[in-house]
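One structure below.
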2 protein chains.
Amino acid sequence: MVIGKPVRDRRAERHEATKEEILDAAWDIARTEGLAAVSLRDIATRVGMRPPSLYTYFDSKLAIYDAMFAQGAQQFADAEPWDELTGDVRHDLALMFRTFIGFCAEDQARYQLLFQRTIPGFEPSPESFAISQASLGRVVEQLERYGVTDPRSIDLFTALGTGLASQQLSNEPGGDRWIRLIDDATEMYLHHMETTNQRATAKGRAAR
Amino acid sequence: MVIGKPVRDRRAERHEATKEEILDAAWDIARTEGLAAVSLRDIATRVGMRPPSLYTYFDSKLAIYDAMFAQGAQQFADAEPWDELTGDVRHDLALMFRTFIGFCAEDQARYQLLFQRTIPGFEPSPESFAISQASLGRVVEQLERYGVTDPRSIDLFTALGTGLASQQLSNEPGGDRWIRLIDDATEMYLHHMETTNQRATAKGRAAR
DNA sequence: GTCTATATTTGGATAGAC
DNA sequence: GTCTATCCAAATATAGAC
């Protein structure tokens, strides 16, 4: 009788689990001490290792930042609310704003890592960057479905979302002073769509 | 005959001049290597000193960051375009956007230091912070002159400006892709003013 | 896979001579 | 005011034993 190869690689699974644990510790530090304050020493302490042992899992500190970037970008992709779209422009735009701004406001460190260049020497690998680019692409596609095809209007949309998120985070982290402006911002942007060369879809207009 | 006290204190003047030199060096490093990469060692090298000598001028590294913050806030105050206002709402709002966004886009490091919390452990002293708060206050006053008294609308204004600046800096530093949207943003915001409880002043309306 | 030991660099800060 | 000397701590990273 022949013994088959095991289907699961328990060693690899364990390895992956430990990598996750290390990243969790790194996020903890980033959130409490600041993204730039992450150190191998502190990570090691939290996971109960000595610093050199981390090199079994990551090639360098920047590799850890990169893995964090990939995680954050994936979380962003997972947060996209495509299954909650109703076809009503007003509702759907507000939903997109809310999702983006909520995601940003949820975690300042993650926002810094994903959307700003704050760590000297760090930039995401092409693979990690691709994840976040894909998410942005889906936002653009969705806007286009509502007739927003002018690149300038798309840029204005992202600027509005970023502005609300950025102000919320830097002036009142944890609060909702700018989050509460999402409906106003949506209304304002809707009017912009209607008065430039943009057209809301028939369904979108009908729902008003 | 009595010899009067010297009017100028040459020693103090020299001291101030050296402080400026040190801050200039710090800005150079911040702009080329990143704000977080500023170190006493590098500053000292650039000004031709040994690191300990810097303590004659500043009590600590954070004190240097604080002095940089004060400088940046003062530059912001000086950049305010109050003498270029015409009384035309459209013109003046666009001018305010352009001034703010131009100021931000000019220097990423300065933007980071003034408007974001990116250096672990740093926060501006009350004196330095007051400088930037005063500038913001003058912006608010000006908006109020145009009838924008609703705090929510004021917050929406700052969010729009911040969003354009932020997107410009993080996606296309040195470019003008979002800067070119200022007139569109102004138009959009103007309509928001007109449709909420805001009123443009008679003079502002008349000029349209 | 984890450790000890170690290298190396960097960094902020102080003491005290000149 | 500037320097040397020094401290101390933190930080990333490697070598090699277990």
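Residue numbering restarts at 1 for every chain, and letters A, B, ... go by the order of the sequence lines. This one's a predicted model, so the numbers in the text were calculated from it and none came from an experiment.
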Remember a base hit wins even if backbone is also touched, and classify [X] as base, sugar-phosphate or nothing at under 4.0 Å, heavy atoms.
| X | value |
| --- | --- |
| B:V38 | sugar-phosphate |
| A:P52 | base |
| B:S60 | sugar-phosphate |

In whole Å, what is the span from the [atom1] atom of [X] to the [atom2] atom of [N]?
| X | N | atom1 | atom2 | value |
| --- | --- | --- | --- | --- |
| A:Y65 | D:dA11 | OH | C1' | 12 Å |
| A:E33 | D:dA10 | CD | C1' | 14 Å |
| B:K61 | D:dC8 | NZ | P | 22 Å |
| B:I22 | D:dG1 | CD1 | C1' | 11 Å |
| A:K19 | C:dG1 | NZ | P | 11 Å |
| B:R41 | D:dC3 | CZ | P | 15 Å |
| B:M49 | D:dG1 | CE | C1' | 8 Å |

| request: Taking the side chain as every heavy atom from C-beta outward, state whether A:M193 and A:L93 have any atom pair closer than 4.5 Å. | output: yes
Heavy atoms from C-beta onward define the side chain here; which of [options] lies closest to that of [X]?
| X | options | answer |
| --- | --- | --- |
| A:R50 | D:dT4, C:dC3, D:dA11 | C:dC3 |
| B:S53 | C:dA13, D:dT2, C:dG1 | D:dT2 |
| A:H15 | C:dG1, D:dA10, C:dA13 | C:dG1 |
| B:Y55 | C:dT14, D:dA13, D:dT2 | C:dT14 |
| B:Y57 | D:dT2, C:dG12, C:dT2 | D:dT2 |

| said: Under 6.0 Å between ring centres: does that hold for B:F100 and B:F115? | reply: yes
| request: Determine the sole option in A:F76, A:Y111, A:F97 for which the ring-ring contact (aromatic ring centres under 6.0 Å, His included) test with A:F103 is passed. | output: A:F76
| message | Does A:E123, at its CD atom, have more than 12 non-hydrogen atoms belonging to other residues, nucleotides or ligands within less than 6.0 Å? | response | no
| said: Side-chain N or O of A:S39 versus OP1/OP2 of D:dA10: is the shortest distance under 4.0 Å? | reply: no
